[in-house]
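So that the names make sense, note that chain A is the first sequence line, chain B the second, and so on, each numbered from 1.
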Amino acid sequence: MLNKRIKEIILQNPSNEEIVVYGWVRTKRESKNFSFLEINDGSTIKNLQAVLENNIPNYESIMQKTTTGASVELKGVLVCSQGKNQSVELKVSSIKIIGEADPDQFPLQKKRHSFEYLREIAHLRPRTNTFGAVARLSNALSFAIHSFFQEKGFIYFHNPIITASDCEGAGEMFQVTTLPLENIPTNEGKIDYTKDFFGKKASLTVSGQLEGETYACALGNIYTFGPTFRAEHSNTTRHLAEFWMVEPEIAFCDLQGNMDIAEEFLKYIFKYILEKCPDDMDFFNTRIDNTVIANLQNIIKEDFARITYTDAVNELLKAKVDFEYPVQWGINLQAEHEKYITEIVYKKPVIVTDYPKDIKAFYMKLNDDNKTVRAMDVLVPRLGEIIGGSQREENYTKLVKRIEELKLEPKDYWWYLELRKFGTVPHSGFGLGFERVIQFVSGMQNIRDVIAYPRTFRSIDF
RNA sequence: UCCUUUGUAGCUCAGUCGGUAGAGCGGGUGGCUGUUAACCACUAGGUCGGGGGUUCGAGUCCCUCCGGAGGAGCCA
């Protein structure tokens, strides 16, 4: 049977029944005849206050070893607390040190550390308030994502992690090979991939979308939720080389339906977090960013703004702001432009649609104007793009034409094209960066602090 | 990949005009009958990121390498 956790214990009423508590010491406050310990076991951000009087067995010697970071077993009874920061506390009858933490060496102190420093001790940072809260938030958010799609009858689909399609166009790929790098087999001066593990060049996936479409065009509505890899030399607070992405794909659905799902989805998971993680959200709101809760509440209440790319450009042209990148129809919207639209003009999430075809991927459905495609980006204040999606081109001839225009090889996409040859349907989908959502919900500034072990350009220490 | 910035005690930082180092927190010791960022006193702790140069003298100026951070691009 599992031990009772602090999350439940602190909600109990005082009682004479002896309980056992396991956890790690966060802080110790000693007086002459007694001490206070704060114990955390990861089940909640809250600590259990334990009171130890000097008449318990081996008080002196054991208190010496009871230092920040040590793991302990406490036995005692729950009593009303005389202090005002907690309603109950544990009156300890015996304490056992399970594992010591030498205070001269233990890197976590009972004080605030910088996030940069904590990244250097990523194996210990989940023992801090912030990273414990991030971990619990991440857990709840994962569950919320599944529960949203499951309630709507979507099928959870595992897309392959290793892929042979080298032309997905979403970014630089990590190559996967078992070829001996110090002696690569060649054939007429070129690398001989027939000798490689799969017999051809292979990489880690940059998106499960193309495979997702094949299952959507069989099962109706599907979603993927798994790791994704980009070998970009990105060096920002919003990029990782390994991250998790949610990609729903919906058959018999146009861009309108796609936007509706995206908006409903975001509101659902935000609402879920506010309901299920009140203590952790309260911590983020107090210690990290005092606007996060109010922002989420507003987003849940209000409709997202929806504008076309063309309207967005006109809005930017009217703006009395000096943008570093001049605005002109046809350009990619820059971070500063997206921020202006979502933070200054609308002050809430904005869905921008119908981008010029030249700045978007080949698979997006062409509009009748022949200039724009049925793409959508969901922009949120502070973060910018949180979702990117589109209605897919379901017309075989048009899709082949787009592939050729972009100087790609239709034969590389033979199976993707066959979806359009056999029982084609209009379908749509989008991609959501999981860690970016955690950033948005928690107010954490750097994406490296919302994933357990961040992998970024030139950095993989754990 | 580009631009900017930064590297000083275990941690967070200060260090003026070039004259070889300081605070707070943390640690240790002692004190305190209810603390909760506990408090009070004392105390230990530094090859100033590495290498080279200028100078009588470099934490400080110059060159170079390495690490961290922020911004841009790419995107989720």
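Counting only residues at least two apart or in different chains, side chain to side chain donor-acceptor pair (under 3.5 Å) contacts with residues 9-20 of chain A comprise Glu18(A)-Ser93(A).
Aromatic rings from Phe157(A) and Phe225(A) are positioned such that their centres are separated by 6.0 Å or more. Residues Phe148(A) and Tyr272(A) keep their aromatic ring centres 6.0 Å or farther apart. For Phe149(A) and Tyr156(A), the distance between ring centers is not under 6.0 angstrom.
Looking at Asp354(A), Asn258(A), Asp254(A) one by one, the single match for side chain to side chain donor-acceptor pair (under 3.5 Å) with Arg374(A) turns out to be Asp354(A).
Here rC75(B) is the nucleotide among rG27(B), rC75(B), rG34(B) with the atom lying nearest to any side-chain atom of His239(A). With rA76(B), rG10(B), rA72(B) as the choices, the nucleotide that has an atom nearest any side-chain atom of Gln334(A) turns out to be rA72(B). Set against rG34(B), rU12(B), rU1(B), the side chain of Phe34(A) has rG34(B) as its closest nucleotide. For Val51(A), taking side-chain heavy atoms from C-beta onward, the closest of the listed nucleotides rG34(B), rU33(B), rG26(B) is rG34(B).
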Could you run down nucleotides 37-45 of chain B 5' to 3' and tag each one B, S or - for protein heavy-atom contact under 4.0 Å?
SB-------
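Near RNA chain B, meaning a heavy atom under 4.0 Å away, the residues from residues 448-461 of chain A are Arg448(A), Phe457(A). The stretch residues 63-82 of chain A touches RNA chain B through Gln64(A), Ser81(A), Gln82(A), each having a heavy atom within less than 4.0 Å of the strand. Listed by residue number, there are no residues of residues 121-148 of chain A with a heavy-atom contact under 4.0 Å to RNA chain B.
Helical stems in RNA chain B, defined as runs of 3 or more consecutive Watson-Crick or G-U wobble pairs with donor-acceptor distances under 3.5 Å: B:1-7 with B:66-72, B:10-13 with B:22-25, B:27-31 with B:39-43, B:49-53 with B:61-65.
Side chain to side chain, Ser35(A) and Tyr59(A) meet the donor-acceptor criterion of an N or O pair below 3.5 Å. Judged purely by distance below 3.5 Å, without hydrogens or angles, the side chains of Gln445(A) and Arg238(A) never pair a donor atom with an acceptor atom. A side-chain N or O of Glu213(A) and one of His427(A) form a donor-acceptor pair less than 3.5 Å apart.
The aromatic ring of Phe243(A) stacks onto the base of rA76(B), its centre lying under 5.5 Å from the centre of the six-membered base ring with the two planes under 30° apart.
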Applying side-chain contact (heavy atoms from CB on, under 4.5 Å), run through Met281(A) and Val441(A) and close with a yes or a no.
CA-CA 8 Å; Met281(A) 284 309 299; Val441(A) 171; 3.8 Å; yes
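Nucleotides rC48(B) and rC42(B) place their P atoms 29 Å apart, quoted to the nearest Å.
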